[in-house]
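This report concerns only the one structure given below.
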Amino acid sequence: MNEKYFPKVELHLHLDGSFLPETVWELGRAKGIAMPADTLEGYREYLRATQHCKSVNEYLERFDHPLQVMQDAPALTRITRELVEFLSAQGMAYAEIRFAPQLHVQKGLTQRQAVEAVLEGRRQGMENCPGIEIGILLCMMCVGDESVNWAANCETVELAPAYLGRGVVGVDLAGAEGIVPLRKFAPLFRRASELGLPFTCHAGDSQGSDTVRDAMDFGAKRIGHGHHIYEDPALCRRAKAEGVTLEICPTSNIQCKTRASYAAHPAKNLLDMGIGVCINTDNMTLAGVELADEYRHCLEEMGFTAQDLVEMDRCAIRASFAPQAVKERILAALDDEAAADAALAAAGKID
């Protein structure tokens, strides 16, 4: 596999965790926001310390400063454009970037204006980098008792259909797991289904397999993280039968202490069971990884083969909410790459 040209696909990537540090530093200083360090290098060091967080909730605190910066349209547009350009430079063929519009209304923006600012950044980034396709996922949030932000979550669901086919590809539920039972959010997903919205759902990361079951009961065919399904063999069999894809984020899982190590992660076992698995970074900046780094962890520490990586990329694009023409083009590119590697292997030029 030629890592440089391998057409990468990422489905689980948060905008507010995948910013350029120098941009958030520059905008934070310009806006008078109190930053956690006195210099850009100090801020970079603060971000690098994310790997030492003791829990998911401590990890989530790292989003505070970028979110404070991302409260106006120019900042949202710039940070989105820069992320698209950064992904393109990594050889990304398709990525879905997710963000929660309700988290960007603290300084007067509406959810609609936040969505339009992100879509403008997507447009600019794709215009500057013609080889990449980007879909935007709108996140609902679990921030406490489900009643706390119910109206905001409903607004996100009702807003999304207006932008389907214009860059938005679906919705998600993100935030802290375990505050309230996931099943409490079922009406939101029923409404998404009524509106014809594709959706994924965070589940089975800091909490157990019961949350994955809840998400599957909503009708989710993609689960954000979901690795704790491994502790429930019957649910694993159901996931395989229903064609569910798990959006696995290895480094994030380890940093958030939801898995002890790369070697202890069950992702390879889940793939071998026949469950759809794809590899993602979750938060490139906070996790300090690019997708190529995650691939190397897969090969060197998690038991995956190069052929597994190709199959997981195929799984990712098939499970994506991309237009069918985009899926077919990327699948063809993956087939071409696999055929080229097979030819080189047959000629004895690669292992």
Side-chain angles (χ1 to χ4, degrees), residues 11-12 14 55-57 59-60 96 98 100 102 137-158 160 169-249 252-253 256-259 265-267 269-271 273-278 280 282 315 319-321:
L11 300 184
H12 195 117
H14 290 269
S55 69
V56 173
N57 288 339
Y59 186 91
L60 291 175
E96 290 179 3
R98 60 187 73 190
Q102 66 187 264
L137 289 169
L138 306 185
C139 291
M140 301 172 284
M141 293 297 298
C142 175
V143 297
D145 183 271
E146 75 279 3
S147 64
V148 171
N149 64 328
W150 192 261
N153 281 337
C154 289
E155 182 180 351
T156 301
V157 174
E158 298 295 334
V169 295
V171 296
D172 176 30
L173 175 69
E177 288 184 45
I179 297 177
V180 294
L182 185 58
R183 62 181 176 275
K184 297 270 191 174
F185 295 91
L188 296 168
F189 288 94
R190 282 198 296 271
R191 182 58 178 155
S193 294
E194 291 169 359
L195 293 170
L197 290 170
F199 58 83
T200 180
C201 181
H202 281 64
D205 184 19
S206 62
Q207 299 298 299
S209 61
D210 58 311
T211 60
V212 181
R213 181 180 294 104
D214 287 342
M216 290 170 59
D217 288 347
F218 299 157
K221 298 301 182 185
R222 276 173 43 187
I223 306 293
H225 301 292
H227 50 91
H228 281 297
I229 194 176
Y230 184 65
E231 281 81 59
D232 188 333
L235 193 59
C236 287
R237 291 191 292 272
R238 177 183 165 190
K240 177 183 176 181
E242 295 183 6
V244 168
T245 295
L246 305 178
E247 304 163 358
I248 298 294
C249 308
S252 175
N253 298 157
C256 292
K257 307 297 189 291
T258 61
R259 286 294 170 187
H265 202 292
N269 291 333
L270 290 163
L271 180 69
M273 289 178 183
I275 297 173
V277 169
C278 63
N280 309 271
D282 199 7
C315 177
S320 76
F321 301 144

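For the pair S320 and E96, the minimum side-chain heavy-atom distance is below 4.5 Å. A 4.5 Å side-chain heavy-atom check between L188 and F218 finds every atom pair outside the cut-off. Inter-residue side-chain proximity for I275 and V244 is flagged as unmet; no heavy-atom pair is nearer than 4.5 Å. Looking at heavy atoms from C-beta onward, I223 lies in side-chain contact with M216 at the 4.5 angstrom threshold. The side-chain heavy atoms of M140 and F185, taken from C-beta on, include no pair separated by under 4.5 Å.
Among residue pairs with one or both ends in residues 141-151, none qualify as salt bridge (charged side-chain N to carboxylate O under 4.0 Å, His left out); sequence neighbours excluded.
What you find for A160 and L197 is that their closest heavy atoms are CB-CD2, 3.7 Å. Heavy-atom minimum distance, T200 versus F189: O-CE2, 3.8 Å. The two residues S252 and D282 come nearest to each other via the heavy atoms OG-OD2, 2.6 Å.
Side-chain atoms of E177 come within 3.5 Å of backbone atoms of Q207 as a donor-acceptor pair (strictly under, hydrogens ignored).
In this structure, the side chain to side chain contact (heavy atoms under 4.5 Å, CB included) partners of R183, at least two apart in sequence or on a different chain, are P181, D214. For P266, the side chain to side chain contact (heavy atoms under 4.5 Å, CB included) criterion is met by H227, Y230, R259, L270, not counting sequence neighbours. Contacts of R238 classified as side chain to side chain donor-acceptor pair (under 3.5 Å), with partners at least two apart in sequence or in another chain: D217, E242. By the side chain to side chain contact (heavy atoms under 4.5 Å, CB included) test, A319 pairs with L11, R222, T245, sequence neighbours left out. Under the side chain to side chain contact (heavy atoms under 4.5 Å, CB included) criterion, A234 pairs with D232, R237, sequence neighbours left out.
Within a 6.0 Å radius of NZ in K221, other residues, nucleotides and ligands contribute more than 12 heavy atoms.
Taking the six-membered ring where tryptophan is involved, the planes of H225 and H202 are perpendicular, since the angle between them exceeds 60° and thus also 30°.
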